[in-house]
Amino acid sequence: MRYRDTLSAMGAHMYLGLDLGTSSVKAVLIGSDQALLAEASAPLDVSRPRDGWSEQDPAAWTNAANAAVEGLRRDRPNEVAAVAGIGLSGQMHGATLLDAADRPLRPAMLWNDTRAAEEANALDAEPMFREFTGNIVFPGFTAPKLLWVRHHEPRIFEATRKVLLPKDYLRLWLTGEAVSEMSDAAGTAWLDVRARSWSAPLLAATGLTVDAMPDLVEGTDVSGRLRTDLAAAWGIATPPVVAGGAGDNAAAAIGLGVLAPQTGFVSLGTSGVLFVPTTGFAPDPGRAVHAFCHALPETWHHMGVILAATDSLNWVARLTGQAPGALVDALGPTVVPPGPGMCLPYFSGERTPHNDAQIRGAFIGVGQEDDARAVTRAVLEGVAFALRDCLAALEGAGAAPERLVATGGGARSDYWLSLLASVLGRPIDLPEDGDFGAAFGAARLGLIAAEGADPAAVATPPPIARSFEPDPALSDAVAAGYARFRALYPALKDTP
């Protein structure tokens, strides 16, 4: 990605993207030519007080966002002062419960919090949920979390006046407005995804009304303006507009220029994602495929999701005391055929294709002769095979990308991308150096909202540094390894 050293013209507009992730808030600053001027981030911690629980304090999000923007200001005060548009992206599905004064009532329950499995099953048993949303009600979605609170924390539920997704809590802090947008709202299990509006019957099933929901806009629309006091604190004379933005994966698609059917991206982040735009709303919940709104008006997408991609590698890193990058580097440059050691990377349960919140990870075929290298290789292969499960589900739903663009922290590994190309049977393109992901996509949405720009003209694909092709020499071994992988889940599921 190009970095511009100086402000090219005094008075030129700049655009800020804020991405609220699970482990950090990232801020990027771009110019009207989309050159990246600066980036900064601030870390976040996750609390796991019980098995299957995953929580964060909403105050940590606003503190981290402010710290990230202040990091930009230290390096680029003049450019920050020229910000005309802000875009937001963020982790999806989180439940942020607010009282009548917009104060959080409890820690936010995150996307990978699976405590509401029973509630999810109960809601999913109601045919109207799949009818209106086009999706299974997964335990990580927002609606079952509210039903869990209703059952287990009734006083908090009764005090709840507004439910916001994580990035939309940031928006409330930025603008004072309770607003969401279609791509993130589609992951709550309360949105009529075809109609792109809140569903009163679905809300009623969890004891809520539309009054508890934020207003809805498209991702390219203006959702409000930055508060004057916050603009002054950041040195911005004219409060910029704040775009609707997008959930993290739809925002990454905007950053990567993934707008049309047959295009797609694979994300190796905390979770793993295969994302493919669709020509219309075409749900297939029976395959545990996500059918969500895209960040652009009248567009949708299919998505397969696994819950632990780089998180699986991080688990090995914690056990061995080695950095994740060092573990992968130790494998060398050449991808070898899958060995007898195999990992099922279900450390936080699994979504596509199993929809199983209770399943947990496993290793099989690991012997005393194996070392950290063998375990690392088994984890990378396990994640690749789990993403192959996602691709099979997407293909069954009619979404078959011809090639994929790679994003996420795991995309820094040539070994992993080479392996993944052979396992998925698709070429994988790696963009030039730089982050073209969710924060960049959010900044693009800020530009589009501020300038009324044509989304297709703004959200173009990035330059590609190199591509990874499937290796025909690995074809038979990969097919055999995947067949073994597919046979293991039923056996693991039936194990007490």
Side-chain angles (χ1 to χ4, degrees), residues 91-93 111-114 116-117 120-121 124 129-130 133-142 144 183 186-189 193 247-250 252-253 258 264-278 281-294 300-312 343-362 381-401 404 406-408 410 420 423-426 482 485-490 492-493:
Q91 47 169 299
M92 298 178 67
H93 315 305
W111 58 275
N112 54 354
D113 188 306
T114 57
N121 290 336
D124 195 51
F129 274 89
R130 294 194 184 190
T133 72
N135 291 277
I136 291 172
V137 182
F138 290 94
F141 282 13
T142 320
S183 69
T188 61
V193 177
D248 50 4
N249 288 300
V258 176
F265 73 75
V266 57
S267 175
L268 292 172
T270 303
S271 61
V273 174
L274 278 176
F275 182 109
V276 183
T278 58
F281 180 53
D284 193 350
R287 301 179 197 272
V289 170
H290 295 10
F292 291 161
C293 302
H294 206 332
W300 289 263
H301 68 84
H302 280 166
M303 194 163 63
V305 177
I306 67 172
L307 293 179
T310 60
D311 237 14
S312 299
C343 170
L344 279 76
Y346 306 143
F347 296 98
S348 300
E350 196 55 294
R351 283 201 191 167
T352 311
H354 303 306
N355 183 29
D356 190 339
Q358 305 304 320
I359 198 72
R360 288 298 180 264
E381 291 166 359
V383 169
F385 287 140
L387 287 168
R388 180 66 184 87
D389 273 349
C390 289
L391 180 61
L394 292 179
E395 289 174 331
L404 296 162
T407 188
L420 197 56
V423 170
L424 298 181
R426 299 288 194 284
Y482 180 56
F485 179 86
R486 288 286 297 163
L488 290 175
Y489 171 76
L492 181 62
K493 182 176 175 60

Asker: Check whether any side-chain N or O of S183 sits under 3.5 Å from a backbone N or O of G247 as a donor-acceptor pair, and report yes or no.
Answerer: yes
Asker: With the side chain counted from C-beta on, respond yes when I136 and F141 share a heavy-atom pair under 4.5 Å apart, and no when they do not.
Answerer: no
Asker: Check the pair L391 / L387 against side chain to side chain contact (heavy atoms under 4.5 Å, CB included), numbers first and verdict last.
Answerer: CA-CA 6 Å; L391 180 61; L387 287 168; over 6 Å; no
Asker: When you measure from the side chain of T270 to the backbone of D311, do you find a donor-acceptor pair of N or O atoms at a distance under 3.5 Å?
Answerer: no
Asker: Quick one: closest heavy-atom pair of G410 and T310, and the distance?
Answerer: N-CG2, 3.7 Å
Asker: Quick one: side chains of residues 343-353, donor-acceptor pairs under 3.5 Å with protein atoms, not counting sequence neighbours, listed by atom name and distance.
Answerer:
| unit_1 | atom_1 | unit_2 | atom_2 | d |
| --- | --- | --- | --- | --- |
| Y346 | OH | H354 | NE2 | 3.3 |
| E350 | OE1 | L307 | N | 3.0 |
| R351 | NH1 | H93 | NE2 | 3.2 |
| R351 | NH1 | H290 | NE2 | 3.1 |
| R351 | NH2 | W111 | O | 3.4 |
| T352 | OG1 | A288 | O | 2.8 |
| T352 | OG1 | V305 | N | 3.1 |

Asker: Side chains of S271 and N112, heavy atoms from C-beta outward: is any pair under 4.5 Å?
Answerer: no
Asker: Within the 3.5 Å criterion, strictly below it, is a donor on D389 or Y489 matched to an acceptor on the partner's side chain?
Answerer: no
Asker: With sequence neighbours left out, write down each residue that passes side-chain hydrogen bond (donor to acceptor under 3.5 Å, both in side chains) with D113, or none if nothing qualifies.
Answerer: R115
Asker: Working to the nearest 0.5 Å, report the span between CZ of R388 and CZ of R426.
Answerer: 7.0 Å
Asker: State the CZ-CG distance between F129 and D124, to the nearest 0.5 angstrom.
Answerer: 9.0 Å
Asker: Do V423 and Y482 have side-chain heavy atoms sitting under 4.5 Å apart?
Answerer: no
